[in-house]
Amino acid sequence: MKQINFNIPKIKEIINFFSSILKLRVVVFDRNYKVVVESNVCDCSYCRAIHQNPLLSRECIVSDKEAFNKSLTTKSLYSYKCHAGLNEAVINLHIDNEVVGFLMLGQFSEIQDESARIKELFHYLDDVTFKKEEKERFISEIPTINNDDIKMISSLLVSLSEYIIKESIIKKSQNKFIEELDAIIEKNIQSTVIKSDFIAHELGISRTSLYNLSKKYLDTTLGERILNHRLKFAERLLHNNDFSISEVAEKCGFSDYKYFIKLFKRKYGLTPGQYRRNIS
């Protein structure tokens, strides 16, 4: 369901401000785990060294995806250590109970003592081609944060995610939602029952999200919109004399012929037969 709009300049401005204060990298991903925008504070030299090894770089991607999935399960901020031993945190961004992206913060270490940090992390660089002194320098340059500050930063990250959604910096496109909804209804117009479960599945959202979006963006109920599509389709078919009235009803998803006539007359003021005679 391609209906998420990211105000990239605004997001960039906000996360850069946040990142400049914390001296940490902040990244916004879409719901397909692709980077949308990242702060000017980039990966530390330790991470850049890790990424020079293709295998380790792939492990970074796997580690990120696991974190995203975990945040979906917990439905809250998820703090963890990545495959290379650094601390990161991720929280999902959601609108109307639907996840639209992820906000990630990293990478840092809670080990304040440099010697202890080098001892703890040095083996992660075994498969990268740098001298011992360079590897130690990479580790020494990793940002460090104590446990009390980690709690504070985590709270700020939650607030940042809420602000991004509240200010509609990431939002759903009303037109896209309506276009995709109408396309699904039209495609399945001959089905006698177009259930909300089916529509939600086709849109890739939950039934609750479908209800909330329909309430927010439609000027009728979902059921009324489906009915209007059926009757408009019937109106078009009535211009074709090749179909009998009962066949028109069937092609529009009405199993009850008399009920179709009743609904059509309520909308157009004429029975289907009278409507057809008027346009002939």
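Atom set for the values below is all heavy atoms of this structure, side chains included, hydrogens, waters and symmetry mates excluded. Computed from a prediction, not measured in an experiment: that's the story for all the values here.
Between the S39 side chain and the V26 main chain, a donor and an acceptor come within less than 3.5 Å of each other. Side-chain atoms of S154 come within 3.5 Å of backbone N or O of I150 as a donor-acceptor pair. Counting only distance, with no hydrogens or angles, the side chain of N92 and the backbone of V99 share no donor-acceptor pair below 3.5 Å. One N or O on the side chain of K135 and one on the backbone of L125 form a donor-acceptor pair closer than 3.5 Å. A donor-acceptor pair under 3.5 Å links the side-chain atoms of R117 to the main chain of I139, judged by distance alone.
A 4.5 Å side-chain heavy-atom check between Y211 and L222 finds every atom pair outside the cut-off. No side-chain heavy atom of S79 sits under 4.5 Å from any side-chain heavy atom of N87. Looking at V27 and R25, their side chains come closer than 4.5 Å, going by heavy atoms from C-beta outward. A heavy-atom distance below 4.5 Å is found between the side chains of I199 and L210. Contact of the E141 side chain with the C44 side chain is not registered, since no non-hydrogen atoms from C-beta on lie closer than 4.5 Å. Put simply, the side chain of L263 reaches to within 4.5 Å of the side chain of F254, judged on heavy atoms. Contact annotation: the side chain of F6 never approaches that of V37 to less than 4.5 Å [non-hydrogen atoms, C-beta and beyond]. Side-chain contact between L227 and K267: absent, with no pair of heavy atoms (C-beta onward) separated by less than 4.5 Å.
Follow the hydrophobic side-chain contacts under 4.5 Å out from F122 and you reach Y46 in the same cluster. Side-chain heavy atoms closer than 4.5 Å link hydrophobic residues (I, L, V, M, F, W, Y) into clusters, and following such links, even through other members, never connects F68 to V36. Cluster annotation: L105 and I169 are assigned to the same hydrophobic cluster (Ile/Leu/Val/Met/Phe/Trp/Tyr, side-chain heavy-atom contacts under 4.5 Å, transitive). Both I279 and L270 belong to a common hydrophobic cluster when Ile, Leu, Val, Met, Phe, Trp and Tyr are linked at side-chain heavy-atom distances under 4.5 angstrom. In terms of hydrophobic clustering, with Ile, Leu, Val, Met, Phe, Trp and Tyr side chains grouped at heavy-atom distances under 4.5 Å, L86 and L157 are assigned to different clusters.
The CD atom of E202 sits 12.0 Å away from the CG atom of D197 when rounded to the nearest 0.5 Å. Note: R276 CZ to S244 OG = 7.5 Å, rounded to the nearest 0.5 Å. The OG1 atom of T144 sits 10.0 Å away from the CG atom of D113 when rounded to the nearest 0.5 Å. Put simply, CD1 on I165 and CG on L93 are 5.0 Å apart, with the number rounded to the nearest 0.5 Å. The distance from the OG atom of S246 to the NZ atom of K251 is 11.0 Å, given to the nearest 0.5 Å. Put simply, NZ on K215 and OG1 on T221 are 12.5 Å apart, with the number rounded to the nearest 0.5 Å.
Within 6.0 Å of OH on Y259 lie no more than 12 heavy atoms contributed by other residues, nucleotides or ligands. Within a 6.0 Å sphere centred on NZ of K151, other residues, nucleotides and ligands contribute 12 heavy atoms or fewer. Other residues, nucleotides and ligands place more than 12 heavy atoms under 6.0 Å from the CD atom of E235. Within a 6.0 Å sphere centred on NE2 of H94, heavy atoms belonging to other residues, nucleotides or ligands number 12 at most. Within a 6.0 Å radius of CZ in R137, other residues, nucleotides and ligands contribute more than 12 heavy atoms.
Taking a cutoff of 4.0 Å between a charged side-chain nitrogen and a carboxylate oxygen, E186 and K232 do not qualify as a salt bridge.
Between C60 and I50, the shortest heavy-atom distance links the atoms SG-CG2, 4.0 Å. Of all heavy-atom pairs spanning D242 and N240, the tightest one is N-OD1, 2.9 Å. Summarising the geometry of S255 relative to T192, their closest heavy-atom pair is CB-CG2, 4.1 Å, with the distance given to 0.1 Å. H229 and D182 make their closest contact through NE2-OD1, 2.9 Å (heavy atoms, listed as atom of the first residue, atom of the second, distance). Among all heavy-atom pairs drawn from L238 and Y275, the shortest one is CD1-CD2, 3.8 Å. Between L121 and A84 the shortest heavy-atom distance is CD2-O, 3.9 Å.
The aromatic rings of Y268 and F264 sit tilted relative to each other, their planes meeting at an angle between 30° and 60°. Between F177 and Y217, the two ring planes are tilted [angle within 30° to 60°].
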L56 and Y124: CA distance, side-chain angles, deciding distance, side-chain contact (heavy atoms from CB on, under 4.5 Å) verdict: CA-CA 9 Å; L56 295 179; Y124 289 108; over 6 Å; no
Test side-chain contact (heavy atoms from CB on, under 4.5 Å) applied to L24 and F108, step by step: CA-CA 8 Å; L24 295 174; F108 61 91; 3.9 Å; yes
side-chain contact (heavy atoms from CB on, under 4.5 Å) between R58 and V62, intermediate numbers included: CA-CA 6 Å; R58 284 195 294 272; V62 172; 5.6 Å; no
Test log, rule side-chain hydrogen bond (donor to acceptor under 3.5 Å, both in side chains), inputs S206 and T208: CA-CA 5 Å; S206 69; T208 301; 4.6 Å; no
Y80/E66 under side-chain contact (heavy atoms from CB on, under 4.5 Å): CA gap, chis, key distance, verdict: CA-CA 10 Å; Y80 62 100; E66 288 176 351; over 6 Å; no
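Taking the six-membered ring for Trp, F29 and Y33 have ring centres at least 6.0 Å apart.
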